2 protein chains.
Amino acid sequence: MPNIREVAKRAGVSVATVSRVLNHPERVSPQTKDRIDKIMVEMDFSPNVFARSLNLKRSNSIALIIPDIQNPQNMEIARGVERVAHQKGYNLLLCNTEKDREKEQSYIRMLMEKKIDGIILAFTLLLQADFDEIQKKNIPIILFGQNVLKKNISSVYSDFKEGAFIAVSHLIELGFKRIAYICGGEDHLENRDKTLGYKEALLKAGDKVSEEMIFQGKDDIDSGYLAALKLLKQTPRPDAVFVANDLMAMGAIDALRTEGIRVPEDISIIGYDNIKMSALIEPKLTTVSWPVYKMGLISARILIEEVENSGDVKMTQNIFLSPKLKIRKSCGHEARVSEIFD
Amino acid sequence: MPNIREVAKRAGVSVATVSRVLNHPERVSPQTKDRIDKIMVEMDFSPNVFARSLNLKRSNSIALIIPDIQNPQNMEIARGVERVAHQKGYNLLLCNTEKDREKEQSYIRMLMEKKIDGIILAFTLLLQADFDEIQKKNIPIILFGQNVLKKNISSVYSDFKEGAFIAVSHLIELGFKRIAYICGGEDHLENRDKTLGYKEALLKAGDKVSEEMIFQGKDDIDSGYLAALKLLKQTPRPDAVFVANDLMAMGAIDALRTEGIRVPEDISIIGYDNIKMSALIEPKLTTVSWPVYKMGLISARILIEEVENSGDVKMTQNIFLSPKLKIRKSCGHEARVSEIFD
DNA sequence: TACAGTTTTACAATCATTATTAAAATTGAT
DNA sequence: ATCAATTTTAATAATGATTGTAAAACTGTA
């Protein structure tokens, strides 16, 4: 593993010239550049990144912090981010917080010490104090999926309140009267937004919101299963359920099936996320889709932009992509429509 | 962001002493250690990782290379690896090759330049030449899921040939006579192993292997769907299918359902992987399970062990975990058993 | 040859740490 | 108080690339 000095010696030039070939090739004559390039491959030389980073104060890596690596939506973010990062020559550090604020904070600390170039924070549990800490260190961050505009922090988000509103309004239009709600962990802001959307849709339709119709889940399959079992004990039994994500919806459907309840004939279900699997279960899940992968791409792009233009005045971008209803079978659309016209 | 010199000055000691407090606290008197510790918090000092790495020639990060971030099994590996890495104070670089050998090579090159401490290579497409390259640089690697022992390279694997053998043997025991096979990308070694297992099981049972019963998939849902459609055109129609992974199996079941073929009444399906979702579809999928998450944990553990003991003589470990049949509904076990006793 | 313009050099400083070696301080025993 | 042994600290070198400055060595043209 040769260093720049040896390359310079072999080429009969100064280290400054070799360095310039590496960093400002336009300031070096094409002939010498070619010659030095050749010698570098020949010697299998590549500049020592540690030394370079020490000097430049950049690591050429970005980090993605997600709450749950087992959630396919989280992985879609990662897929998008990885793609852009690799394409732009950045490494991607993956940080899975397991929905644990302490682990998230520990990661943040680790990353700041590591002098990471930038961070994408998805569905964060951090508090304002934590953000202040990060901003003090001047590390660019992108907030992903957070519908709260923070001063000087760029964000990429989808409106989960709106999405929930659309979903529940759909159920209302189909004529359902007792619409239950299985919500996700309330420490996550986007889940609170969904709750707001659920309530607002009911209120707008003149229905009243009953807390007994809200069942607490924890964003994963098993908690969806459990919530559905509880929900069945409710009398009168709900005739439709809005589930805050597809994973829980799939758990819920599984529970209903084991209990012999038919979906959508006995109960309609609507999910959120439009994960790939939601089209493979029986009945195919009606759900709210939002462009996670694309949002992952965008996040990485604007993060890297911020990293590379950190000299200029900072431009804070807040990018918004809307959710859309994806109608399939789990709300028995066709069946219901005819019922309505009975 | 103070440096070690400023801390030293403030404490009235030399930088060497501060450094020793950081790295060999036992070689420093408890009083001065305490005093300097206090000053370090006070000044919010943390040692510069670039300078440290430059000196120590280690980055404190490991990389995980996987072929497909969208495959839940791949993410289970990542989950295990991330857990151990974080616990031991390492950062995890995530590299998604998208099953592209060029991208995999480009990552390897990037990582070697980055002087990564170690690499976990899952389901690699690399050739011997690539390995030689890596070994020349002396970077510890762990091969994941590769049933090929390479000299001086530790590995963690499950026997996919055996798993396929178990699956197909199960179908044979259930009395199926025309057992088709939807295989995964043949450039992946573990898929070739599964093919071997499929053939061996048939041969052992005295059945003959027919190439027309083998359908090429590409490891994802859609290719499973397509393969199933082709399979239906076969006459006589297969009465059971071994699918090389659950993702494709789910795609296949979806195709069969759209074509009005019942599973397991008309065709039985057995998958591979036992992904969480496989228990949520209708019918619940019979499949072969293997401990991916655990293997992820182990991989990270032995990798970090190798990284940290790189001074000692190297111990090559080859760790093996066996697959197990998970019987659910998609082969119509109960139904079939009774048929057999008719 | 002289001149302007471009390209390259030599050298030092910088980044922040750790390892090595040598020196200083402390301890206990006499 | 003295000496040796031990502990603790200091001083310096090494890690490898980047950058800047001032001087030198090349171009080609007139």
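Order of the sequence lines fixes the chain letters, A, B, ..., with proteins taken first and strands second; residue numbering starts at 1 for each chain. These figures come from a predicted structure and were not determined experimentally.
For the pair B:Asp34 CG and D:dT8 C1', the computed distance is 15 Å after rounding to whole Å. Whole-Å rounding puts the B:Glu113 CD to D:dG16 P distance at 16 Å. Atom pair B:Ile36:CD1 and D:dA10:C1' shows a separation of 12 Å (rounding to whole Å applied). Straight-line distance from the CZ atom of B:Arg20 to the P atom of C:dA16: 21 Å, rounded to whole Å. A:Asn48 places its CG atom 10 Å from the P atom of D:dT18, with the value rounded to the nearest Å. Note: CZ (B:Phe50) to P (C:dT18) measures 15 Å, nearest angstrom. As rounded to whole Å, 6 Å separates atom P of C:dA19 from atom CG of B:Leu56. Between A:Arg27 atom CZ and C:dT9 atom C1' the separation is 17 Å, expressed in whole Å.
Taking only side-chain nitrogens and oxygens, B:Thr32 comes nearer than 4.0 Å to OP1 or OP2 of D:dT9. In this model, the phosphate group of C:dA16 is approached by a side-chain N or O of B:Asn3 to a distance below 4.0 Å at OP1 or OP2. In this structure, B:His24 does not reach the C:dT18 phosphate: none of its side-chain N or O atoms is under 4.0 Å from OP1 or OP2. The phosphate of C:dT17 has neither OP1 nor OP2 within less than 4.0 Å of any side-chain N or O from B:Ser19. Close to D:dA10, at under 4.0 Å from its OP1 or OP2, lies a side-chain N or O of B:Thr17. Contact annotation: A:Arg52 reaches the phosphate of D:dT18 (side-chain N/O to OP1 or OP2, under 4.0 Å). OP1 and OP2 of C:dT6 both lie 4.0 Å or more from every side-chain N or O belonging to A:Ser29.
Comparing B:Ala16 and B:Pro30 by the nucleotide of DNA chain D whose heavy atom lies nearest to each, the residue mapping closer to the 5' end is B:Pro30. Between A:Pro2 and B:Val15, the residue whose closest nucleotide on DNA chain D is further toward the 5' end is B:Val15.
No engagement by B:Val49 is indicated, since no non-hydrogen atom pair under 4.0 Å with the nucleic acid exists. Here A:Asn55 lies in heavy-atom contact (under 4.0 Å) with a base. If you check every strand for non-hydrogen atoms under 4.0 Å, B:Ser53 touches nothing. Contacts of B:Val28 with the nucleic acid, taken as non-hydrogen atoms under 4.0 Å apart, involve only primed sugar atoms and P, OP1 or OP2.
Between D:dA14, C:dA10, D:dT18, one nucleotide has an atom nearer to the side chain of A:Asn23 than all others, and that is D:dT18. Distances from the side chain of A:Ile4 to the nucleotides D:dA10, D:dA17, C:dT9 place D:dA17 closest. Relative to the side chain of B:Arg5, the nucleotides D:dA17, C:dT9, C:dT17 differ in distance, and C:dT17 lies closest.
Of the possible polar contacts, one joining the B:Lys314 side chain to the B:Asn152 backbone as a donor-acceptor pair under 3.5 Å is found. Between the side chain of B:Arg35 and the main chain of B:Ala11, a donor-acceptor pair closer than 3.5 Å is present.
Both tests hold for A:Lys150 against A:Phe131: distance to the six-membered ring centre under 6.0 Å, angle to the ring axis within 45°.
Considering B:Leu121, B:Ile120, B:Ile298 as possible partners of B:Ile142, the one that fulfils the side chain to side chain contact (heavy atoms under 4.5 Å, CB included) test is B:Ile120.
Of the inter-residue distances, the one linking B:Ser158 atom OG with B:Phe144 atom CZ reads 8.5 Å to the nearest 0.5 angstrom.
No donor-acceptor contact under 3.5 angstrom links the side chains of B:Thr124 and B:Gln146, judged on distance only.
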